[in-house]
Asks: 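Take a look at the following structure, please.
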Amino acid sequence: MPGRHELRDARWLHHAGLVYIPLNRDESLTLTTGRVTGSWKSINENRSASPVSDSVFLPVLEHGPAPKGTATGFAIRACAAPDAADALVANLAWRVLRNDTVCQAGRAFRRWHADGGVL
């Protein structure tokens with residue numbers, strides 16, 4: 001359904017063979033979908049001002065205009081179908097390695113069974 005949607009407690013979003021996983025589930029998430037019109041000039045003075053229309057999938061973490069001390073973002077992974085996303089998310093853990101104005105990096109790893117095997 002096109003439009004702007006506010007999502008609470010979203011564990012993941014699936015779109016076009018990818019799963020978007022919020023790293024911090026305490027933040028609200030807004031998803032905008034549907035057809036939009038704009039120009040490349042609005043983000044780059046050297047580009048055309050001619051209007052362009054296309055469909056968008058735009059997930060946004062709503063953490064305010066100047067967040068301090070937060071490590072947030074999306075992990076984006078290949079995931080063929082939405083029914084596989086729950087299993088993928090349930091078996092992964094995340095560690096933010098760096099989150100500043102120079103670099104945003106994280107590491108995903110699988111959670112371990114109590115007997116030491118990898119899920």
Side-chain angles (χ1 to χ4, degrees):
M1 177 160 71
R4 181 183 162 105
H5 311 278
E6 291 184 23
L7 308 173
R8 300 278 182 220
D9 298 321
R11 293 186 60 223
W12 52 265
L13 299 170
H14 186 272
H15 177 71
L18 298 172
V19 63
Y20 295 73
I21 307 163
L23 300 180
N24 181 354
R25 291 186 44 211
D26 293 334
E27 293 180 332
S28 62
L29 174 65
T30 301
L31 175 63
T32 303
T33 60
R35 196 152 192 83
V36 297
T37 300
S39 75
W40 287 109
K41 191 170 186 77
S42 69
I43 61 169
N44 185 335
E45 280 295 316
N46 296 323
R47 304 303 271 178
S48 171
S50 299
V52 177
S53 294
D54 205 348
S55 295
V56 298
F57 172 85
L58 179 63
V60 175
L61 292 167
E62 302 292 350
H63 50 259
K68 298 222 186 270
T70 57
T72 190
F74 288 103
I76 303 172
R77 303 251 330 207
C79 184
D83 58 353
D86 261 338
L88 176 67
V89 172
N91 294 321
L92 290 175
W94 309 99
R95 179 170 170 226
V96 175
L97 301 175
R98 185 171 173 183
N99 185 22
D100 57 35
T101 58
V102 176
C103 177
Q104 293 179 320
R107 181 176 181 192
F109 52 92
R110 293 191 180 275
R111 292 195 176 126
W112 295 86
H113 281 295
D115 66 5
V118 176
L119 288 175

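Atom set for the values below is all heavy atoms of this structure, side chains included, hydrogens, waters and symmetry mates excluded.
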Asks: Where is the tightest heavy-atom contact between Ala78 and Leu88, given as atom of each residue plus distance?
Replies: O-CD2, 4.3 Å
Asks: Which atom pair, heavy atoms only, marks the closest approach of Arg35 to Ser53?
Replies: NH2-O, 3.5 Å
Asks: Using every non-hydrogen atom in the two residues, find where Ser39 and Ala49 come nearest and quote the distance to one decimal.
Replies: CB-O, 3.5 Å
Asks: Look at the side-chain heavy atoms of Ile, Leu, Val, Met, Phe, Trp and Tyr, link any pair under 4.5 Å apart, and say whether Phe57 and Ile76 land in one connected group.
Replies: yes
Asks: Give the cluster check for Val60 versus Phe74: same hydrophobic cluster or not, with ILVMFWY residues linked at side-chain heavy-atom distances below 4.5 Å.
Replies: no
Asks: If only atom types and distance count, is the side chain of Thr33 paired as donor or acceptor with the main-chain N or O of Met1 below 3.5 Å?
Replies: yes
Asks: Might you point out which heavy atoms bring Gly34 and Pro2 nearest each other, and give the distance in Å?
Replies: CA-CB, 3.9 Å
Asks: Check Pro22 against Ala10 and note the closest heavy-atom contact, atom names and distance.
Replies: CG-O, 3.6 Å
Asks: Which residues pass the salt bridge (Lys or Arg N to Asp or Glu O under 4.0 Å) test with Arg11, sequence neighbours left out?
Replies: Asp86
Asks: Going through the distances and angles, do Ser28 and Glu62 end up as a side-chain hydrogen bond (donor to acceptor under 3.5 Å, both in side chains)?
Replies: CA-CA 5 Å; Ser28 62; Glu62 302 292 350; 5.9 Å; no
Asks: In Å, rounded to the nearest 0.5 Å, how long is the span from CG of Leu7 to CG of Leu13?
Replies: 6.0 Å
Asks: Just verifying a value: how many Å separate Glu6 CD and Leu31 CG, rounded to the nearest 0.5 Å?
Replies: 11.5 Å
